Amino acid sequence: MKTWTQEERYRPLEDPEVLRPLHEATAASPYRQSYHIQPVTGLLNDPNGFVWHQGEWHLFYQWCPWGAVHGLKHWYHIVSRDLVTWENLGVCLYPDTEYDNKGAYSGSALPLGEELYLYYTGNHRDPDWKRIPYTCLADLKDKTAPVKAASPLFGPAAGYTEHQRDPKIIPHGDGYYIVLGAQNEQKQGRVLVYKAPSPTENWTFAGELKVPGYEDFGDMWECPSIERISSQDVLLFCPQHLKLPGRGDSVHHNGYILGEMDWDSLTFTPHGQFHVLDFGFDSYAAECAALPRQDADQGVIIAWMGLPDAAYPTDEEDWQGCLTLPRALTVRDRRLIQQPLTALKKLRAREIDLVGEPRSVALPGACEIELIARGGDLDLALLAREDGTEGLRIVYDDTARQLTVDRSGLAKRFNTEQGERRTRPLPKGLHHLRVYVDHSSVEIFVNDGDAVFTTRAFPTAEEHSLHLTGDAALHLWELSPAVRDDFVV
Ligand code: FRU
C-alpha cells in the first residue's frame with residue numbers, strides 16, 4: 001500500500017490535466033459504479049450542500065484528487081433533475097485561501113432567490129501544523145464561479161478543541177442558525193449553535209446544544225443537523241470513538257435521535273434513544289437535502305458509502321468511495337424510514353426470468369432484486385460462486401425473527417475488525433426485500449424501509465451468482481447506467 005507524504009496529500013491542484021492518466025486508470029476498474037456517484041479520481045467522502053435550487057438538485061462531495069487518501073479536500077459539484085441521473089460539473093470550492101489552506105471541509109447550502117450560499121469549514125493549518133477551523137461562506141450565483149466571502153463568518157469557539165466543523169445552515173423564525181460539530185476540552189462530542197439575522201453577516205455564538213442524556217456519547221460529533229421530517233424534529237449526527245453493541249470494533253457511527261427542538265433554550269429533548277441510520281457496514285456523514293418547502297413531509301437523504309479511517313480494496317487502484325442512493329426519508333413507528341426513490345424505476349432496463357428451485361441466476365453488474373417472502377427461513381446469497389457457496393449472504397431466521405447480513409464469504413474481505421455480520425431483529429417477521437446491486441455496492445431495504453443495510457462489496461470474476469433457498473417470489477431487473485465517467489475537473 002502506498003504511503004503518502006504530507007506534501008503529496010496536500011498538493012494543490014493547479015492543472016487538472018495532470019489527473020487525466022489517473023482518471024483513465026480509475027475508469028478502467030471493474031469496481032466503477034454505474035448508478036452511484038463516485039469520484040473522477042482519488043477519494044470521495046461526505047456529501048455536502050445537498051439542495052434543490054432553480055429547477056435542479058445540486059450536490060457536492062468531499063474530494064481529494066490525488067489518490068485513496070484523505071488529503072487536500074475540495075467540494076466537487078454534480079447536478080441532477082431527477083436524483084437518478086447525474087452530471088459532473090467539476091470542482092466548485094478549491095482550498096485556495098488562507099482560511100481553507102488545508103481543505104474546504106464539509107458543510108451545507110442555502111438557496112435564497114438566485115443565490116446559492118455554501119457554508120463550509122475552512123481547515124486552516126499554520127506552519128506548525130496547528131489546526132484552526134473557520135466557518136466560511138461562498139456565494140454560487142451561477143453554476144461555475146463561487147465567490148468566497150473575504151473573511152470567515154466566524155472562527156473557533158473558545159473552550160473547545162480544534163475539532164469544530166461541518167456547518168449546517170438552518171433557517172428558523174426570522175433568522176438563521178448554524179449547527180456545528182464539536183469536541184469539548186473533556187473530549188466529549190458536542191453541537192455548537194450560532195445565529196444571525198442575515199445568512200451572510202453578524203453571526204454570533206448562541207451556545208452549546210443541550211441534549212439531555214447524551215452528555216457523554218462519543219468524543220466528537222461530526223456532521224450534525226437538525227431536520228424536520230414528518231412533522232417531527234430529528235437530530236442527526238456521527239458520534240466518533242464510541243462502540244455500540246452488535247457493531248464489532250467499529251467506532252464511527254451515523255445515527256439520529258427523534259425529539260423536540262427548542263431554539264430559545266437551545267435544547268433538543270430526546271423522545272427515545274439513539275438509533276443507527278444504517279444497519280450495514282459502510283455509511284457515514286449522511287446529509288438531508290434542503291427542500292423547497294420547509295415543512296415537507298418527506299425528506300431526501302444521502303450518505304457517504306464509506307467510513308473514516310478505513311481501507312477498501314480499490315485503494316490499490318488509487319481511488320476510494322462513492323455515495324449511497326438518495327433515499328426518501330419519513331418517520332414511522334418512532335423510527336426514520338429510508339426508501340428507494342420511485343424515480344429509480346426508470347433505470348430498469350429488462351426483467352430477467354427466474355425459474356427453477358432452488359433459484360439461481362447470474363447477476364448483471366448493476367441490478368435490482370425484489371423478494372416477497374412467503375414465510376419460513378430464507379437464505380439469499382448474492383455475489384456468490386456458481387455453486388451457490390460464499391458471497392454476500394442475507395439470512396432470515398424465522399424462529400429468532402432476525403435478519404443477518406454476512407459479508408465474510410466474499411473473497412475480498414476488508415475492514416474485518418468492524419465485524420463482518422450485522423443482525424437486526426424483525427419482530428414482525430420478514431415480508432419484503434428490495435436490493436440494489438452496483439459493481440461494488442449492495443443496498444438492502446428491508447420491509448419497505450424498516451431497516452437498511454448498506455455495504456461495499458468487491459466481487460471477483462467468479463462471484464456473480466444469486467442463489468435463493470426458502471419460500472419467496474423473486475424479481476430481478478438489470479439496471480441502466482445513470483452516472484457517466486466523464487473527466488470533468
Ligand atoms: C466526516 C469528516 C468531516 C469533515 C470532512 C473532511 O467524514 O471528517 O467532519 O468536515 O470529513 O473531509
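Whatever order the structure lists them in is the order used to number ligands and atoms, beginning at 1. The structure presented is a predicted model; accordingly, all values stated were derived computationally and were not measured.
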**Q** Does either side chain, that of Ser441 or that of Asp438, offer a donor lying less than 3.5 Å from an acceptor on the other one?
**A**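 No, Asp438 and Ser441 have no side-chain donor paired with an acceptor closer than 3.5 Å.
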
**Q** Identify, for atom 10 (O) of ligand 1, the protein heavy atom at the shortest distance, and state residue, atom and that distance.
**A**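 Heavy-atom neighbour on the protein nearest atom 10 (O) of ligand 1: Asp166 OD1, 2.5 Å.
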
**Q** Can you label the angle between the Tyr61 ring and the Tyr76 ring as parallel, tilted or perpendicular, going by 30° and 60°?
**A** parallel

**Q** Could you check atom 1 (C) of ligand 1 against the protein and tell me its nearest heavy-atom contact, residue, atom and distance included?
**A** Asp46 OD2, 3.0 Å

**Q** Please identify which atoms of ligand 1 are closer than 4.0 Å to at least one heavy atom of Trp304.
**A**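 Counting atoms of ligand 1 from 1, those under 4.0 Å from Trp304 are 7 (O).
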
**Q** Which of the numbered atoms in ligand 1 are below 4.0 angstrom from a heavy atom of Ser106?
**A** 5 (C), 10 (O)

**Q** Short list, please: which atoms of ligand 1 are under 4.0 Å from a heavy atom of Lys73?
**A**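 The atoms of ligand 1 under 4.0 Å from a heavy atom of Lys73 are 12 (O).
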
**Q** List the closest protein heavy-atom neighbour of atom 12 (O) of ligand 1: residue, atom name, distance to the nearest 0.1 Å.
**A** Gln62 OE1, 2.6 Å

**Q** Between Tyr10 and Trp129, does the ring centroid distance fall short of 6.0 Å?
**A** yes

**Q** With Glu420, which of Arg413, Lys412, Arg247 fulfils salt bridge (charged side-chain N to carboxylate O under 4.0 Å, His left out)?
**A** Arg413

**Q** How far is atom 8 (O) of ligand 1 from its nearest protein heavy atom, and which residue and atom name does that atom have?
**A**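 Of the protein heavy atoms, Glu222 OE2, 2.9 Å lies nearest.
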
**Q** Which of these passes side chain to side chain donor-acceptor pair (under 3.5 Å) with Asp282: Gln418, Arg456, Arg407?
**A**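 Testing each of Gln418, Arg456, Arg407 against Asp282, the sole residue satisfying side chain to side chain donor-acceptor pair (under 3.5 Å) is Arg407.
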
**Q** Verify, without hydrogens or angle tests, whether Asp100 (side chain) and Asp96 (backbone) share a donor-acceptor contact under 3.5 angstrom.
**A** yes

**Q** Based purely on interatomic distance, does Tyr284 place a nitrogen or oxygen under 3.5 Å from a nitrogen or oxygen of ligand 1?
**A**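 Not met; the criterion fails.
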
**Q** Less than 4.0 Å is my threshold; does some heavy atom of Thr121 fall inside it relative to ligand 1?
**A**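 It does not; every heavy atom stays at 4.0 Å or beyond.
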
**Q** Does a side-chain heavy-atom distance below 4.5 Å link Ser29 with Gln38?
**A**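 The answer is no; the side chains never approach within 4.5 Å.
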
**Q** In ligand 1, which numbered atoms sit nearer than 4.0 Å to a non-hydrogen atom of Asn45?
**A**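 Close to Asn45: 5 (C), 6 (C), 7 (O), 11 (O), 12 (O).
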
**Q** Any luck finding a side-chain donor-acceptor pair between Asp315 and Gln320 under 3.5 Å?
**A** yes

**Q** So for ligand 1, is Tyr105 a polar contact partner (N or O within less than 3.5 Å, distance only)?
**A**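 It does not: no N or O of Tyr105 is found under 3.5 Å from an N or O of ligand 1.
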
